[in-house]
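Scroll down for the structure; my scribbles are underneath it.
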Amino acid sequence: MARILNIVYFAWVKERLGKGHEAMEIPSDLDTISDLVELLSKQAPEYKSVFADLTKLRFALDQEFTSIDASINSAEELAIFPPVTGG
Amino acid sequence: MARILNIVYFAWVKERLGKGHEAMEIPSDLDTISDLVELLSKQAPEYKSVFADLTKLRFALDQEFTSIDASINSAEELAIFPPVTGG
Amino acid sequence: MIKVEVYADDFDAGFEISKLSALGCGAVASFIGLVRGDGDVEALELEHYPVMTQKALRDIAETANGRWPLHGITIVHRVGKMSLGEQIVLVCTCSDHRSAALDSCSYIMDRLKTGAPFWKKQWFKDGRSEWVEERQSDLDAKGRW
Amino acid sequence: MIKVEVYADDFDAGFEISKLSALGCGAVASFIGLVRGDGDVEALELEHYPVMTQKALRDIAETANGRWPLHGITIVHRVGKMSLGEQIVLVCTCSDHRSAALDSCSYIMDRLKTGAPFWKKQWFKDGRSEWVEERQSDLDAKGRW
């Protein structure tokens with residue numbers, strides 16, 4: 001059964017994609033964040049451009065920092081953003 | 001020629017000597033703070049008692065911390081006090 | 001007592017610090033980060049990930065609380081656009097011991113720089129804007145704990 | 001900008017901190033030491049060596065100023081008798097960099113504990129009083145710089 005994942009973007013990722021969030025239907029055989037990023041990169045050139053250098057991106061699943069190799073499993077929200085620079 | 005040295009005391013040194021300062025005529029052959037402490041200890045029992053454990057005392061000459069072995073030279077003021085405990 | 005606040009308005013650092021001073025411990029340390037005029041910067045904009053921010057800051061505060069004997073921790077972080085000289089963040093800790101207060105305050109700031117979902121954009125006098133990049137010195141600072 | 005003040009009255013820490021915040025640097029660190037109720041202590045009395053105090057505090061501030069890139073240092077130290085919870089000392093430093101501000105603030109406190117002519121007497125609830133003894137942890141803290 002396909003799942004719906006909420007994807008949120010921040011900072012220049014949000015600006016360059018022109019949106020802060022989207023809901024996406026995830027194929028049942030999709031495993032990691034990396035797989036999802038690959039899938040998105042094939043969908044449209046702006047994804048391909050934003051995801052071109054993965055060393056510049058960080059990820060959180062259900063509001064916990066994680067690595068691109070993490071399995072999405074039953075997470076409800078994936079966040080994609082540049083390294084944080086607060087404080 | 002004999003010099004006059006102003007001696008100031010603080011904290012329990014002052015309390016136990018019953019005075020915060022005194023002017024003392026220093027013999028011309030007196031060299032270090034240690035010599036002076038020895039001289040005072042002979043003068044009266046309260047000095048002897050206060051100076052009994054020299055590890056518990058600290059010294060300043062003309063408002064600069066110094067050691068008991070320092071020469072008094074032409075200093076105008078000697079301070080004798082316990083280790084500092086500010087802040 | 002852990003207090004974590006994230007909002008757009010300016011805060012009264014003195015008031016926040018005095019509230020921790022009133023807890024009866026002997027040592028209160030604080031750090032305030034402000035917008036500094038690097039080059040032609042005239043404003044800073046802070047974006048964050050609201051659902052995650054509170055949680056991330058609270059986790060950092062709780063880790064500090066487990067590492068040092070603290071009586072209180074206050075973290076206030078602003079978001080939105082701020083002009084030169086404005087306050088961005090306050091971290092304040094109190095303890096019976098000065099080293100616990102000072103070290104935990106440093107620790108929280110170092111962790112916050114790399115572990116809370118905030119992103120800074122610099123606005124320049126000529127109207128340009130630029131996202132601030134991750135700094136190696138911040139990663140190094142986090143690494144020392 | 002080095003400011004060193006020693007007096008009997010209480011001080012407004014928030015006001016002092018805000019004056020350094022107004023200098024335009026990005027990082028302001030501060031430490032406040034307060035009278036803590038150790039055991040049956042109900043008040044603290046601070047004696048000092050007036051002619052020497054200003055000089056010793058200024059020397060410490062100037063050494064910090066030479067070691068870190070600071071824009072301002074404020075040291076306020078009270079003397080006389082203070083009740084539980086009252087402020088004793090404030091050290092505040094500002095810099096362009098948070099580690100310089102925080103480290104110099106720690107440094108000044110550590111130096112002040114062992115290198116400025118202040119003596120603390122504790123007053124207890126039963127009327128007794130006792131001079132506070134030098135603490136090995138303060139000597140160790142000074143030694144790490």
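Letters A, B, ... mirror the listed sequences (proteins, then strands); counts begin at 1.
A pairwise comparison of heavy atoms in B:Gly87 and D:His77 identifies N-NE2, 3.0 Å as the closest pair. Taking each heavy atom of D:Tyr49 and B:Ala79 in turn, the nearest pair found is CE2-CB, 3.3 Å.
In this structure, the side chains of B:Glu64 and D:Lys55 come closer than 4.5 Å at one or more pairs of heavy atoms. The shortest side-chain heavy-atom distance between B:Glu77 and D:Val51 falls under the 4.5 Å cut-off.
Here D:Trp131 contributes atom CH2 and B:Phe10 contributes atom CZ; the two are 10.5 Å apart, rounded to the nearest 0.5 Å. Rounding to the nearest 0.5 angstrom, the gap separating the CH2 atom in D:Trp119 from the CZ atom in B:Phe81 is 5.0 Å. Atom-to-atom distance recorded for D:Leu46:CG and B:Thr85:OG1 is 7.0 Å, nearest 0.5 angstrom. Rounding to the nearest 0.5 angstrom, the gap separating the CH2 atom in B:Trp12 from the CD atom in D:Glu130 is 13.5 Å.
Enclosure of atom CD in B:Glu76 is not indicated, since only 12 or fewer non-hydrogen atoms of other residues, nucleotides or ligands lie within 6.0 angstrom. Around NZ of D:Lys142, the count of heavy atoms belonging to other residues, nucleotides or ligands within 6.0 Å does not exceed 12. Counted within 6.0 Å of CD on D:Glu133, heavy atoms from surrounding residues, nucleotides or ligands total 12 or fewer; the atom is thus considered open.
Side-chain atoms of D:Glu47 come within 3.5 Å of backbone N or O of B:Ala11 as a donor-acceptor pair.
Only the side chain of D:Lys121 comes within contact range of chain B, with heavy atoms under 4.5 Å apart. For B:Glu15, the part lying near chain D is the side chain, with the backbone staying farther off; criterion is any non-hydrogen pair under 4.5 Å.
Interface summary for chain B: among D:Ala56, D:Gly33, D:Ala116, the most heavy-atom pairs under 4.5 angstrom belong to D:Ala116.
A salt bridge is absent between D:Glu134 and B:Lys56; no separation between the charged side-chain nitrogens and carboxylate oxygens falls under 4.0 Å.
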